A.B. asks: 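Here it is: the structure, laid out below.
Chain letters run A, B, ... following the sequence lines, proteins first and then strands; every chain starts at 1. Values below: all heavy atoms of this structure, side chains included; hydrogens, waters and symmetry mates excluded. Note that the structure is a prediction, hence the values are computed from the model and not measured.
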There are 2 protein chains.
Amino acid sequence: MKLSRISDSTVRRLSSYCRVLEELDREGRRMVSSKRLAERGGVSSAQVRKDLSYFGSFGRRGLGYNVPRLLEEIRSIMGLNRTWRCALVGAGHIGSALFSYHDFRRRGFDVVAIFDNAEAVVGQKWEDCEIQNVKKLVPEIRRLGVDIGIVATPARAAQEVADLMVEAGVSGILNFAPRKLEVPKEISLRNVNMTIELESLSFALRASETRSRKKRAVSVDE
Amino acid sequence: MKLSRISDSTVRRLSSYCRVLEELDREGRRMVSSKRLAERGGVSSAQVRKDLSYFGSFGRRGLGYNVPRLLEEIRSIMGLNRTWRCALVGAGHIGSALFSYHDFRRRGFDVVAIFDNAEAVVGQKWEDCEIQNVKKLVPEIRRLGVDIGIVATPARAAQEVADLMVEAGVSGILNFAPRKLEVPKEISLRNVNMTIELESLSFALRASETRSRKKRAVSVDE
DNA sequence: CCCACTTTGTGAAAGATTTCGCAAGGAGCG
DNA sequence: CGCTCCTTGCGAAATCTTTCACAAAGTGGG
């Protein structure tokens, strides 16, 4: 099974199936069909079956999938049955929002260090984690064996921080700064860019305004 | 030109071309080729030309694109040459991070109201915007003519809030809660789900670990 | 056991997106 | 002007992703 040729869309859907399965599990359901899983996840049932088929056969014909079993399978496929050590850089609003989002910890993403360059915040404690000067980033990330670096700095600092993270040996970077980062190809990089989301929404709104203006014009004609 | 059959990936890339063009403009460049624009945006030059071609011909052969002109064109295509009125629901960490991200305002996304259900925060002021009880959401959104609702609540409250927003007549919703929202199809909906991003990163890390383990095994054999 | 019904897993078809390749337009130089 | 060097715009090809459609398995009732 070539993990590398699994499409990004499939991976993102697997992640969302996880959430649906957790919910079904809480509801006490034992079995679920691809149809129901699909409805809850907002995709087609064929899509669900195809996504799962890349990794094996987890269901039983006529019955569906065993909820806890499938959840465990997907968790294991996605590497969610372990703890990932994360370092957060940037103790501003975004950093604080991420840090206090306890759901991440519950899912195995553990923030073990926080860095910032502002003397005013260095030394502060968030829960039991002390904000350190970004100068200590490389040795501290090495010492703690951090897997994932989270960039939550302003755009202008982001590349520099990413370079330090790479130097320190992280395996992956999650970037919240609205700029493209250059990293060696063996480092996994994901971007969360809220500007892109807002602007795409703007495009969609403009598109639907245009549509309804046309529609109105037609009704007036009639 | 059918705006509705433009792919989501194209729209997202247009948004990122905007950022590159703004940067080029600040650097004082007059002209840019699809090649350079592509490099800076991390895509292929054919992709840039194709994306633009859906909307018209903005370049000159042999010369490239005029930077301020192309920026204006894309802004106009995406509906960024106007102000969108936004209402933020959820005055927690994520809401606060979004509100204080002034780049949004600069780009024309103006938060004109904030709602929360916790008596402890209702009445507080963020800059010159007072947090209101979510009970006032519908009339206030109507009164202010809000275009975009931003859901920054815990997952369990998200659908209820979205329903209120729809009732109040927003045109689009940006959802930060990690759950699928149901909205009428004429409402544009975009989701920002940080859990999916982190989990996709986890998948990628696992995939590359598997690869390097194999590689190592091969070197040992040799 | 038979029949009606359900559901998976998966090739093959359809559809969507990206890349290729090149004609045609334009700049610059001698 | 003639020649070289760029670059766009775009149809066509290649690639990637989703949907279709159905055989094969499984359940349950009589």
A.B. asks: With nearest nucleotide decided by heavy atoms, which residue, Ser57(B) or Asp51(A), maps closer to the 5′ end of DNA chain D?
C.D. replies: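 With Ser57(B) and Asp51(A) compared, the 5'-side residue is Ser57(B).
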A.B. asks: Are OP1 or OP2 of dT17(D) and a side-chain N or O of Gln47(A) less than 4.0 angstrom apart?
C.D. replies: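 For Gln47(A), the contact criterion (side-chain N or O under 4.0 Å from OP1 or OP2 of dT17(D)) is not met.
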A.B. asks: Under the salt bridge (Lys or Arg N to Asp or Glu O under 4.0 Å) definition, can you give me all pairs with a residue in residues 41-54 of chain A, not counting sequence neighbours?
C.D. replies: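 Residue pairs with at least one partner in residues 41-54 of chain A: Arg13(A)-Asp51(A).
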A.B. asks: Could you check how far CG of Asn66(A) sits from C1' of dG26(D), rounded to whole Å?
C.D. replies: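 Interatomic distance, CG of Asn66(A) to C1' of dG26(D): 15 Å.
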A.B. asks: For residues 30-41 of chain B, which residues have at least one heavy atom under 4.0 Å from DNA chain C?
C.D. replies: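 Under 4.0 Å from DNA chain C: no residue of residues 30-41 of chain B.
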A.B. asks: Under the salt bridge (charged side-chain N to carboxylate O under 4.0 Å, His left out) test, which residues partner Arg105(B), sequence neighbours left out?
C.D. replies: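 Per chain and number, Arg105(B) pairs via salt bridge (charged side-chain N to carboxylate O under 4.0 Å, His left out) with Asp110(B), Glu127(B).
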A.B. asks: Are Arg75(B) and Glu72(B) close enough for a salt bridge, meaning some N to O gap below 4.0 Å?
C.D. replies: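 Between Glu72(B) and Arg75(B) there is a salt bridge, with a charged N closer than 4.0 Å to a carboxylate O.
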A.B. asks: Less than 4.0 angstrom from a charged side-chain N to a carboxylate O is my criterion; do Arg30(A) and Asp25(A) meet it?
C.D. replies: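 Between Asp25(A) and Arg30(A) there is no salt bridge, as every charged N stays at least 4.0 Å from the carboxylate O atoms.
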A.B. asks: Tell me, for nucleotides 22-30 of chain C in 5' to 3' order, what letter each nucleotide earns: B for a base near a protein heavy atom under 4.0 Å, S for only sugar-phosphate near one, - for neither?
C.D. replies: --BBSS---
A.B. asks: Does a nitrogen or oxygen in the side chain of Tyr65(B) sit under 4.0 Å from OP1 or OP2 of dG9(D)?
C.D. replies: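 Checking dG9(D) against Tyr65(B), a side-chain N or O does come within under 4.0 Å of OP1 or OP2.
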A.B. asks: Glu182(A): which residues meet the side chain to side chain donor-acceptor pair (under 3.5 Å) condition with it, sequence neighbours left out?
C.D. replies: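 Partners of Glu182(A) under the side chain to side chain donor-acceptor pair (under 3.5 Å) test: Lys180(A).
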A.B. asks: Where each residue is assigned the nucleotide of DNA chain D containing its nearest heavy atom, which of Asp8(A) and Ala46(A) is assigned the position nearer the 5′ end?
C.D. replies: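 With Asp8(A) and Ala46(A) compared, the 5'-side residue is Asp8(A).
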A.B. asks: Going by side chain to side chain donor-acceptor pair (under 3.5 Å), name the pairs with one or both residues in residues 85-101 of chain A, residues two or more places apart or in two chains.
C.D. replies: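 Qualifying pairs, neighbours excluded: His93(A)-Ser100(B), Ser100(A)-His93(B).
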A.B. asks: Glu160(B): which residues meet the salt bridge (charged side-chain N to carboxylate O under 4.0 Å, His left out) condition with it, sequence neighbours left out?
C.D. replies: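 With neighbours one apart ignored, the set is empty.
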A.B. asks: Does OP1 or OP2 of dT19(D) have a side-chain N or O of Ser44(A) closer than 4.0 Å?
C.D. replies: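 Result: yes.
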A.B. asks: Identify, with sequence neighbours excluded, every residue that meets ring-ring contact (aromatic ring centres under 6.0 Å, His included) alongside Phe203(A).
C.D. replies: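 If we apply the ring-ring contact (aromatic ring centres under 6.0 Å, His included) test to Phe203(A), skipping adjacent residues, there are no hits.
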A.B. asks: Please determine whether a side-chain nitrogen or oxygen atom of Arg13(B) lies at a distance below 4.0 Å from atom OP1 or OP2 of dT18(C).
C.D. replies: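 Yes, within the criterion.
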A.B. asks: Whole angstroms only, please: what is the CG-P distance between Leu52(A) and dT18(D)?
C.D. replies: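 One finds 14 Å between P of dT18(D) and CG of Leu52(A), rounded.
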A.B. asks: Would you list the pairs meeting salt bridge (Lys or Arg N to Asp or Glu O under 4.0 Å) in which at least one residue belongs to residues 35-46 of chain B, sequence neighbours left out?
C.D. replies: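 Matches after skipping sequence neighbours: Glu23(B)-Arg40(B), Glu27(B)-Arg40(B).
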A.B. asks: Given that Gly64(A) and Lys50(A) both sit by DNA chain C, which one's nearest nucleotide is further toward the 5' end?
C.D. replies: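 Upstream on the strand: Gly64(A).
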